[in-house]
There are 2 protein chains.
Amino acid sequence: MEIIQAVRFSPDGTALRIIDQRALPGKLVERDLRTLDDVCDAIRTLSVRGAPAIGIAAAIGVAVIAAAAPEALTHLEFRQSLAHAAETVRGTRPTAVNLPWAIDRMLAVLGREHVNRDALVAALRVEASAILEEDRAMCRAIGEHGLPLIPGRARVLTHCNAGALATGGMGTALAPIYLAALEGRDVSVFACETRPLMQGSRLTAWELERSGVPVTLLADSMAASLMQRGSVDLVIVGADRIAANGDAANKVGTYALAIAARHHGIPFYVAAPTSTVDPRTATGAAIEIEQRDASELRAIGGIATAPSGVATYNPAFDVTPASLITAIITDRGVFSAPYHFEATRP
Amino acid sequence: MEIIQAVRFSPDGTALRIIDQRALPGKLVERDLRTLDDVCDAIRTLSVRGAPAIGIAAAIGVAVIAAAAPEALTHLEFRQSLAHAAETVRGTRPTAVNLPWAIDRMLAVLGREHVNRDALVAALRVEASAILEEDRAMCRAIGEHGLPLIPGRARVLTHCNAGALATGGMGTALAPIYLAALEGRDVSVFACETRPLMQGSRLTAWELERSGVPVTLLADSMAASLMQRGSVDLVIVGADRIAANGDAANKVGTYALAIAARHHGIPFYVAAPTSTVDPRTATGAAIEIEQRDASELRAIGGIATAPSGVATYNPAFDVTPASLITAIITDRGVFSAPYHFEATRP
């Protein structure tokens, strides 16, 4: 089984190689990006998406831009232009949390003393590789901690895309599924299409099919009917932010799945890196929910599907209370209520 | 307030006048249909949809075809050609229940003795008008029985389209809402878009907006989040078939809304004519659920939204158990568990 690799160095190390997610699910387009403009465009246009993948793309982007900088620059000019490039990349997506974090790590390397320019370029490359490898390890750790929760024959329902396309590794929610499939277990996935932006049908269905994991697509509204038929053994979703009490914000639609899972007595798991837990957010009530543009609900592919001026309710996320979550699968282990994430912090 | 009229006679009585629902929500196109081909095409292509509206369109269609038949036909030829036309209309949509029922009523008129051809044509026109008027009265009766369930300030969530566009009158689920608005009450509607065919955004949002009832559109997956915010006072949906025990089959997604409503302590009503109750169906378990074509989930407007060959779960309906239904609003009154619909049959 081959799990796709959303972001990485090109084999010769001179470029950031991405899977262009705008071309999915139609075709697999890999692009090698070498310039600041190309890296910024890729993040801005959602060619790269998923908070971890964006952070990695930014770090590798800075490293390859450094390697390709004109030899004529003085060491000071080189550092200044690189710092400017890093800040430009940071500005592409103001809300993605891993992006400023990755840029800060690269700037810290840039701020250190190096014997010469080559050593600095090498150090930046090492740091970007570390960010990628840490993410891959984080994904695998989530997968390994989640694996015991997957029964021998498992039909797993998931929402949105918390898979390889969103990370540097095998994803978060999909990591235990990939590991179960790698072990040869009989695991299959029901992917909710995830309106309005269809990450489930465009991305999750695509990456699972490509890896040979059996996948069935359904509209979000059909999940409860599927549970009623007894066709779902467990639910695993990702998370964008987890409060200290275990309340979890994730792509809108997650909460409805949690309620339906509880109604049918089906385990409901959230899988996310411990970095997603925000200890300063006491409960989900403190999580602000972004309202997205009405156009996402009024038209599809330029074709009007609703009256042009109709009011909309279009939240990006919803909050699933900890009481509906069976357990939270992290890279540091599986947690359940009452949550004490802090105890495990290094 | 003006409630749209989906199917009727044209003012001069020579045509079946329909709102072409394929043109919605983009524009209001009314079409006058006078020939067998036009009537059949309109039903087959979903220019007319909704079981009651299809039945009415078929009846009016037969009546106007009769009135326009060539004078040269003998009385026998006239009856034969009209019986053939009626059977052709019947064949356009094999599953719609009101269609064969309306055709049978028109054929019964055709089978009776009439003093001459003009009298037969007039009788067919009278029968078609009766079918339309009975449906209008049925809608209004549902509205009046449902009206006391609408609080003074009501934010109502609904699914799919069980409105004026689906009937000859003011709809079923929307009838109490229209009556509340006509009374000047502060009533507003949240319309779930209803994937995959978008009847909520294309039709319900359109007809409510046109009538001046405040409407807000949301994706199906967002309804639970809306309930969590305390923004929904009650849910009213239609039904395609109701079992003797009160289990109700309706457009897929209804069941998930019922579970979420129960979770939040929100009343969940089904509104439908008593003819929707099938006494031969003991419980919802006996209702067969149509699986629709995978193409509805794989592409939108010709644009691929999923891998081309991906497996799908695409049921047209789901079954909400009576235990999740607060009450069923019919043209003969409001029923709640344990259901004894039979007692009220005439």
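What you see below is based on every heavy atom in this structure, not just the backbone, and it leaves out hydrogens, waters and symmetry mates. Proteins come first, then strands; the chains are lettered A, B, ... in the order of their sequence lines, and each starts at number 1.
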Using a 4.5 angstrom heavy-atom cutoff, name the option from [options] with the most pairs to chain A.
{"options": "B:Thr194, B:Asn314, B:Thr305, B:Val319", "answer": "B:Thr305"}
{"options": "B:Leu257, B:Thr254, B:Val252", "answer": "B:Val252"}
{"options": "B:Asp318, B:Leu226, B:Val215", "answer": "B:Leu226"}
{"options": "B:Gly302, B:Ser231, B:Ala256, B:Ala224", "answer": "B:Ala224"}

Task: N/O donor-acceptor pair under 3.5 Å between B:Gln228 side chain and A:Tyr255 backbone - done: no
Open item on the list: Between A:Thr312 and B:Leu217 (side chain of the first, backbone of the second, donor and acceptor by atom type, cut-off under 3.5 Å), is there such a pair?
Closed with: no
Task: Which of A:Ala306, A:Pro321, A:Gly253 touches chain B most, by non-hydrogen pairs under 4.5 Å - done: A:Ala306
Are the side chains of [Y] and [X] in contact, using a 4.5 Å heavy-atom criterion?
{"X": "A:Ile259", "Y": "B:Arg262", "result": "no"}
{"X": "B:Arg195", "Y": "A:Asp220", "result": "no"}
{"X": "A:Met222", "Y": "B:Pro196", "result": "yes"}

Open item on the list: Looking at every heavy atom in both B:Leu297 and A:Glu193, which two are closest together, and how far apart are they?
Closed with: CD2-OE1, 3.6 Å
- [ ] Of all the heavy-atom pairs spanning A:Pro25 and B:Pro307, show the shortest one and how long it is.
- [x] CB-N, 3.6 Å
Open item on the list: Could you measure the distance from the OG atom of B:Ser221 to the NZ atom of A:Lys251? Nearest 0.5 Å is fine.
Closed with: 10.0 Å
- [ ] Evaluate side-chain contact (heavy atoms from CB on, under 4.5 Å) for B:His263 paired with A:Leu324, printing each intermediate quantity in order.
- [x] CA-CA 11 Å; B:His263 184 78; A:Leu324 292 176; 4.0 Å; yes
Open item on the list: Checking side-chain polar atoms at under 3.5 Å, does A:Tyr313 have a donor or acceptor matched by the opposite partner on B:Ser225?
Closed with: yes
